[in-house]
Amino acid sequence: MTQLPGLLDTEALRKDFPILDRQVHDGQKLVYLDNAATSQTPRQVLDVLSEYYEQHNANVHRGVHVLAEEATALYEGARDKVAEFINAPSRNEVIFTKNASESLNLVANMLGWADEPYRVDHETEIVITEMEHHSNIVPWQLLAQRTGAKLKWFGLTDDGRLDLSDIDEVITEKTKIVSFVLVSNILGTVNPVETIIRRAQEVGALVCVDASQAAPHMPLDVQSLQADFVAFTGHKMCGPTGIGVLWGRQELLEDLPPFLGGGEMIETVSMHSSTYAPAPHKFEAGTPPIAQAVGLGAAIDYLSSIGMDKILAHEHALTEYAVKRLAEVPDLRIIGPTTAEERGAAISFTLGDIHPHDVGQVLDEQGIAVRVGHHCARPVCLRYGIPATTRASFYLYSTPAEIDALVDGLEHVRNFFG
Amino acid sequence: MTQLPGLLDTEALRKDFPILDRQVHDGQKLVYLDNAATSQTPRQVLDVLSEYYEQHNANVHRGVHVLAEEATALYEGARDKVAEFINAPSRNEVIFTKNASESLNLVANMLGWADEPYRVDHETEIVITEMEHHSNIVPWQLLAQRTGAKLKWFGLTDDGRLDLSDIDEVITEKTKIVSFVLVSNILGTVNPVETIIRRAQEVGALVCVDASQAAPHMPLDVQSLQADFVAFTGHKMCGPTGIGVLWGRQELLEDLPPFLGGGEMIETVSMHSSTYAPAPHKFEAGTPPIAQAVGLGAAIDYLSSIGMDKILAHEHALTEYAVKRLAEVPDLRIIGPTTAEERGAAISFTLGDIHPHDVGQVLDEQGIAVRVGHHCARPVCLRYGIPATTRASFYLYSTPAEIDALVDGLEHVRNFFG
Amino acid sequence: MYQEVILDHYKNPHGRGLRDGDAEVHHVNPTCGDEITLRVKYDGTKIEDVSYEGQGCSISQASASVLNELLVGKDLADAQQIQETFLELMQSKGRVEPDDAMEEVLEDAVAFAGVSKYPARVKCALLSWMAWKDATAQALGSDAAERKTA
Amino acid sequence: MYQEVILDHYKNPHGRGLRDGDAEVHHVNPTCGDEITLRVKYDGTKIEDVSYEGQGCSISQASASVLNELLVGKDLADAQQIQETFLELMQSKGRVEPDDAMEEVLEDAVAFAGVSKYPARVKCALLSWMAWKDATAQALGSDAAERKTA
Ligand SMILES: Cc1ncc(COP(=O)(O)O)c(C=O)c1O
Ligand SMILES: Cc1ncc(COP(=O)(O)O)c(C=O)c1O
């Protein structure tokens, strides 16, 4: 067994994840390397979900019966856990959504309907980057179309990093919002937050950070980050599907208009007009994903009990090992940074001219689950002139042996199509 | 034990719901009469949820590995189940959302951004009713504010029904959309769909039906309903939290613009512009609530195995019994129809001048869970000049004995504050 | 939660009704519709009267009655201490067991200790107290009152 | 899924390259970026040539090669029957076990039966066939082709 410094005790941890025992294709052991798409869910989270439904299930807020009080305490308790996890100054800055995409759309829509000084309109500009996930592109394209604002973006360097050489032309006095990804889901790149935020603050633009691939993998401190909004998603961090988070600075959440209207987000309603509850409730219309928020809270407990710094170290060690091993595979080209520095544990590559679909399929036949395609970041594929990539991505339960299996699997792919 | 014709075998059914065995306040048996707020979840659904996470969890669509194929098949299979459950002409007309509130906001936003002939703007009118849930009021108020459209509504009669006497003045040639509740969550009223739809069709207005309190309790056939959109929510029909449905007519879903932008809802993305996937995917941005949709599918299997007509009959028998028994309680005034005809199994009432909060609290001390307040339908309270109501609401596992417990409990409330 | 003391105040409220005052406020609890109109009358910094009218549950009504009983005749500083102590008790989530010192300050109001376990009802208990604080700020100039109760 | 026949066609594609034609179409599979440019040439209703160029996975490439091999030289009606049979097979979710009759119609194309079990790949296999249908409709006038293949 390969021993690397900084690895977690995966043998123990893997016992928490029932699915990792699965066999596929008549007896192949599952090697799950699709963690950037979604992570697996530990028993600790599943137990909390079951207990919620079996013991406490009720609609939250305003109930005076025991179950309603319990469900509310659990749901709001999950908000406390999220707030602590990201070091939010206030629990009221944590909004529960259904996924990171909704969180990002929420920001775009708040700004579209806002009054000055936040309002995005035809005289203003929106800045994103070429390595964004579609969920951080399309909401801004829609906003630009619908308001007449201009959409601008940072390009990429050949080695998979943001090209910030024209930062002063891209972010200008007209910029109202800069929205960018902290860790790219396709390239793995960790972006230089500080440089971008400093320039945004100079011109008075708001900053939204897509932390979907960061929150699961490293300590996240929204105060030291200095952004105005931070979005992430539960299913990539050991939580259930159907839950996302938007953190936003309190004074912004107070000033900005609501997005979805309905129960729970109001203060008082008459047929003629309504007033809204204070944040976070203002942005949580309807019955929230209660069990899912509670499950996310349990996932955060789980991650915290391991330690986000330890998870980061584990993945960094794996990434170092993976880039080294992948370099041994002939014709393999990593799309994105080729060293483990300033990169996360999602590694995209091409393999000669074997199409990623074929790579993925033949790996799958060996039990190895990777993702193939444009990974919801098609502009990156266009930028590098490739139709798609194969992506292996690791998490706290991934092992060097799984990387070895991947490398062996790729050898088999090459022989198969050779 | 009270025997009523048409009752389900609740003794057997209740075994499916672990929470119904709960004791509260040191040994009080739980009497759960808050089903209009949320229903309880049967073991059959919980098992499917666990199995999903323990065996098949993966992100859906586009994956070529086994788990991704399985998760996609389960997720899309849930769509098939919903389509069959509501007799949708096509599975592509079923959009998964996070709750009914999102579904209703989706309709409002599609129409706000639509081109002619659907576009809601300052020359057009929106029609709702005074008995809507806030989730079917606030989205339209927001739309009206933001487009300049005029919001109109049907009032209520003294006995808790829609006052349609002015239907020809309320729904006019200017009306673009009529959105109303099929079964009121506060009054229990079942509304005369046909009359309203006929008039809407006459003037060429679209019709959106909020079926949140109908889908769980009676057969729902979107084809015979003849509406254009139908919204409902999973957690009220034995499903998980975090999942809702919008059904819409295919040609409308093709014509109308998307709402949330992101992964999954696109066809092709470049930095300059994007095209969208066909419905339903066009309206499902980001990783959907996968496990929750699968759970909703299991809930539908569960409901269908009992039979929606049988559930309707059961609740009708209970409602008849309940209105009879409640009539025996001095000073009790039902807010809404006082007979079981054309009404669902949610019964709101006031009890002399004892405040609903006190009624609910003292009932809770006896283990009886009811909801108190304005039930997210404050205009109804304003209409009837009351600050709030106490609401008891039944479901397939409710029993006459629980209604007896409620009546005894109310007697105790009266003595306590007498 | 329904201590005898609370029920007594609910059934036989002290000082209910609107009388002459230096300032009047109207507060609403939007989640349940409880309402109170409250007036304060000061004689220097001494509370001459707190008069009120409202509708709501037993907790909010009894709480207003207790407030009237406790605060009328007190000096502003003492009244503010009582208000702060009551606020602390109500926000304790049932974790504070009133001791003798607290009982000395709060008198009948310690009966609300049980209410603090019920988040949905805490707001009911606090409605009149928040209204009083607000009315006092208006009557005496917001600075004087705010600085002490912030 | 990767039958020997499929790999053979992938590695040694039949009739690849763009040649003269009556109509040209360009089809894309947006979910994976597979692309094909395809031309058809008719001699009356007889298929004189299907030429193509594209990029994509082995399934989409092999499928285009098989298409060329199967359809060139056929009469339109026969070609349409082959296309329909292939479509049916691909949409069968692995439930259709090709029998002799089917094998007679589809020849090498029966090797794709296994692909039908993989929903994500079915579109790859169908890409060239959909392109052919479309090109044919353009070449012969949409009515003629549509009526028969609808
Ligand atoms: C009639 C009605 N419409 C809409 C809703 C909103 O449903 P949800 O809270 O799940 O969005 C509810 C339930 O709260 C309801 O009863
Ligand atoms: C970088 C990034 N942003 C946003 C998202 C969208 O997350 P979700 O699909 O949960 O909305 C993802 C994951 O798909 C992602 O990797």
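Only a predicted model underlies this, so the values are computations on that prediction, with no experimental measurement involved. Letters A, B, ... mirror the listed sequences (proteins, then strands); counts begin at 1. Any value given below was found using the heavy atoms of this structure, including those in side chains, with hydrogens, waters and symmetry copies removed.
- Side-chain contact, A:S135 with A:H133: a donor N or O sits under 3.5 Å from an acceptor N or O.
- Between A:P289 and B:P289, the closest side-chain pair of non-hydrogen atoms is not below 4.5 Å.
- Using a 4.5 Å cut-off between heavy atoms, A:V370 contacts chain B through its backbone alone, with no side-chain atom that close.
- Here B:F154 pairs with nothing under the ring pair (Phe, Tyr, Trp, His ring centres under 6.0 Å) rule; sequence neighbours left out.
- Interface summary for chain A: among B:P288, B:P257, B:P240, B:G234, the most heavy-atom pairs under 4.5 angstrom belong to B:P240.
- With a 4.5 Å cut-off on non-hydrogen atoms, A:L260 touches chain B through its backbone and its side chain both.
- Ranked by heavy-atom pairs shorter than 4.5 Å toward chain A, the options B:I137, B:L382, B:L67 are led by B:L67.
- The aromatic rings of B:Y75 and B:H61 lie perpendicular to each other, with more than 60° between the two planes, well past the 30° mark.
- Note: B:F283 CZ to B:E102 CD = 12.0 Å, rounded to the nearest 0.5 Å.
- Counting heavy-atom pairs closer than 4.5 Å to chain A, the top-ranked of the candidates B:G367, B:P139, B:A108 is B:P139.
- For A:R22, the part sitting under 4.5 Å from any heavy atom of chain B is the side chain, from C-beta outward, and nothing else.
- Interface remark: of the candidates A:T287, A:L142, A:V372, A:I290, A:T287 forms the most heavy-atom pairs closer than 4.5 Å to chain B.
- Contact annotation for A:I128: only side-chain heavy atoms (C-beta onward) come within less than 4.5 Å of a heavy atom of chain B.
- No donor-acceptor pair under 3.5 Å is formed between the side chain of B:N185 and the backbone N or O of B:A36.
- A:N57 and B:H235 share no donor-acceptor pair across their side chains, judged by distance under 3.5 Å alone.
- Per-residue heavy-atom pair counts under 4.5 Å with chain B were compared for A:W153, A:F17, A:Y276, and the maximum is reached by A:W153.
- Neither the backbone nor the side chain of A:E365 comes within contact range of chain B; no heavy atoms are under 4.5 Å apart.
- Here CD of A:Q141 is found 6.5 Å from CG of A:L151. Values are rounded to the nearest 0.5 Å.
- The CE atom of B:M110 sits 11.0 Å away from atom CG of B:N105, with the distance rounded to the nearest 0.5 Å.
- Among A:T38, A:V66, A:L46, the residue with the largest count of heavy-atom pairs under 4.5 Å with chain B is A:V66.
- Top candidate by heavy-atom pairs under 4.5 Å with chain B, chosen from A:H374, A:E70, A:R383, A:E132, is A:E70.
- Within the 4.5 angstrom heavy-atom criterion, no atom of B:T390 approaches chain A.
- Distance check, rounded to the nearest 0.5 Å: OG1 of A:T241 to CG of B:N59 gives 9.5 Å.
- Under a 3.5 Å cut-off, the side chain of B:D16 and the backbone N or O of B:Q44 do not form any donor-acceptor pair.
- When each of A:I243, A:L143, A:T268, A:L104 is scored by its heavy-atom pairs under 4.5 Å with chain B, the top score falls to A:T268.
- For the options B:G242, B:A100, B:A293, heavy-atom pairs under 4.5 Å to chain A are most numerous at B:G242.
- The greatest number of non-hydrogen atom pairs below 4.5 Å with chain A, out of B:R378, B:M265, B:K236, is found for B:R378.
- Only the side chain of A:L49 comes within contact range of chain B, judged by heavy atoms closer than 4.5 Å.
- Using a 4.5 Å cut-off between heavy atoms, A:N99 touches chain B through its side chain atoms alone.
- With values rounded to the nearest 0.5 angstrom, A:T147 atom OG1 is found 5.5 Å from A:I126 atom CD1.
- Heavy atoms of A:R43 lying under 4.5 Å from chain B belong exclusively to its side chain.
- Proximity to chain B is absent for every atom of A:T233, based on heavy atoms less than 4.5 angstrom apart.
- With hydrogens and angles ignored, the 3.5 Å screen pairs no side-chain donor or acceptor of B:E284 with any backbone N or O of B:E264.
- Here the side chains of A:F96 and A:L296 are in contact, with some heavy-atom distance below 4.5 Å.
- Among the residues in residues 28-35 of chain A, those with a non-hydrogen atom closer than 4.5 angstrom to a non-hydrogen atom of chain B are A:L30, A:Y32, A:D34.
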Stepwise side-chain contact (heavy atoms from CB on, under 4.5 Å) test for A:R371 and B:H65: CA-CA 8 Å; A:R371 185 131 308 219; B:H65 60 76; 3.9 Å; yes
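- Most heavy-atom pairs under 4.5 Å with chain A: of the set B:C381, B:A369, B:G244, B:C376, this distinction falls to B:A369.
- Looking at A:W113, the atoms closer than 4.5 Å to chain B (heavy atoms on both sides) all sit in the side chain, from C-beta outward.
- Proximity to chain B (any heavy atom under 4.5 Å) is shown, for A:S212, by neither the backbone nor the side chain.
- Heavy-atom proximity under 4.5 angstrom to chain B picks out A:H357, A:G360, A:Q361 from residues 355-362 of chain A.
- Of the atoms belonging to A:Q145, it is side-chain heavy atoms, and not backbone ones, that fall under 4.5 Å from chain B.
- The contact between A:Q40 and chain B is made by backbone and side chain atoms together, counting heavy-atom distances below 4.5 Å.
- Separation of atoms CG (A:L106) and OG (A:S101) is listed at 12.0 Å; rounding is to 0.5 Å.
- Remark: A:H56 engages no residue in a ring pair (Phe, Tyr, Trp, His ring centres under 6.0 Å) (not counting sequence neighbours).
- Contacts between A:V60 and chain B at a heavy-atom distance below 4.5 Å involve the backbone alone (N, CA, C, O).
- Most heavy-atom pairs under 4.5 Å with chain B: of the set A:M271, A:H134, A:E54, this distinction falls to A:M271.
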